[in-house]
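Model, not experiment: these values are computed from the prediction. Just so you know, ligand 1 is whichever comes first in the structure, and atom 1 is the first atom listed for that ligand. In what follows, residues are counted from 1 in the order of the sequence shown.
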Amino acid sequence: MTAVDSLPSSLQPSAAPAAAPEGRTLPQFVLTITCQDQVGIVHAVTEFLLAHGANINEHQQFDDTVHGLVHLRTAFTGPLELTRETLQRNFVSIAERFGMRYEIHDQTPPRLLVMVSKSGHCLNDLIFRWRAGGLGGEIALVVSNHEELRPMAEAAGLPYIHLPVSPATKEEAEQQLLALVEEHDIDLVVLARYMQILSDDLCRALAGRAINIHHSFLPGFKGARPYHQAYERGVKLVGATAHYVTADLDEGPIIEQEVIRVDHTHDPRALSTVGQDAEALALSRAVRWHCEHRVLLEGSSTVVFR
Ligand SMILES: Nc1nc2c(c(=O)[nH]1)N[C@@H](CN(C=O)c1ccc(C(=O)N[C@@H](CCC(=O)O)C(=O)O)cc1)CN2
């Protein structure tokens, strides 16, 4: 008798997926796994989900033969009574058997804190997608080292916190930011053209939960004025790079990049103007994919299950 044979009829492979009672929706979850590649991983995962009455909606896998690793993302719908805590508790033994690094998420949208300076095109795009329900997370508040974007945030009903930064106030400002992250139960900090360099301590505190948009196609043109560098170089493509924030400026693991064709008629201002579209698109995609648990960090790189 196989493991499947021992399951109740409602869980037999041919059984229809569990249905939600009137007015209720079935819980949805995402499981992400990284481990050494070995036989039986997918079988163990699918047998575990079957035993909990879960119905797989999306499954993606990448075998990284360079590093001998396998990365999985499985999105599934559970029976009404299934919880993240039950899954977490029951999956531990499987994770230990295969030496898995894993996360189990329910459908609670991550809470976002957006940081800005004076340029509003990325914030504007994030607010539009959030209000349209297409960002994958909830914007909780906006923090800035300037006042210029307060009207945009407050018009969207968002709290706006002004934290001026100078060499004298930087440490205090960063402590206040961390206090806001705790106070508002923030899951992700989004640097949406925030033009101050975060300290090593702050980067460590926000490791894996802070995304920046750099206004160039990295690794080219790092720093604060990439469009001037691009103009001087005479490039024919400009772009933007969304990456996790690390202490090494503009060196964090890349999540998404976008490019736009330009030519000799574009001066630095024109390059900056056309580049804004690439920045807004790359950042919003990266934020949504992070919120949907589609981005797996692997050392200095990422695996993105788009
Ligand atoms: N620790 C990190 N902090 C930040 C990163 C990062 O990758 N790691 N990205 C920046 C954004 N950025 C480029 O994408 C960037 C922003 C600002 C500067 C810079 O030189 N700033 C000057 C001040 C400039 C000003 O006041 O306008 C500085 O901080 O001395 C370079 C790159 C966000 N933070």
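Counting non-hydrogen atoms of other residues, nucleotides and ligands closer than 6.0 Å to CD of Glu171 gives a total of 12 or fewer.
Within 4.0 Å of ligand 1, the residues that place a heavy atom are Leu191, Tyr194, Met195, Gln196, Ile197, Leu198, Cys203, Asn212, Ile213, His214, Gly223, Ala224, His243, Val245, Thr246, Leu249, Asp250, listed by chain and number.
Phe91 and Phe48 have perpendicular rings, their planes meeting at more than 60° on a 0 to 90° scale where under 30° would count as parallel.
Evaluation of the salt bridge (Lys or Arg N to Asp or Glu O under 4.0 Å) rule for Lys236 yields no partner, not counting sequence neighbours.
For the ring-ring contact (aromatic ring centres under 6.0 Å, His included) condition, the pairs that include at least one residue of residues 271-294, sequence neighbours left out, are His105-His293, Tyr244-His290. Every pair passing side chain to side chain donor-acceptor pair (under 3.5 Å) that includes a residue from residues 172-190 is listed here, sequence neighbours excluded: Glu174-Ser199.
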- Show the numbers, then the answer: is there a side chain to side chain donor-acceptor pair (under 3.5 Å) between His215 and Glu279? CA-CA 6 Å; His215 38 317; Glu279 294 165 39; 5.4 Å; no

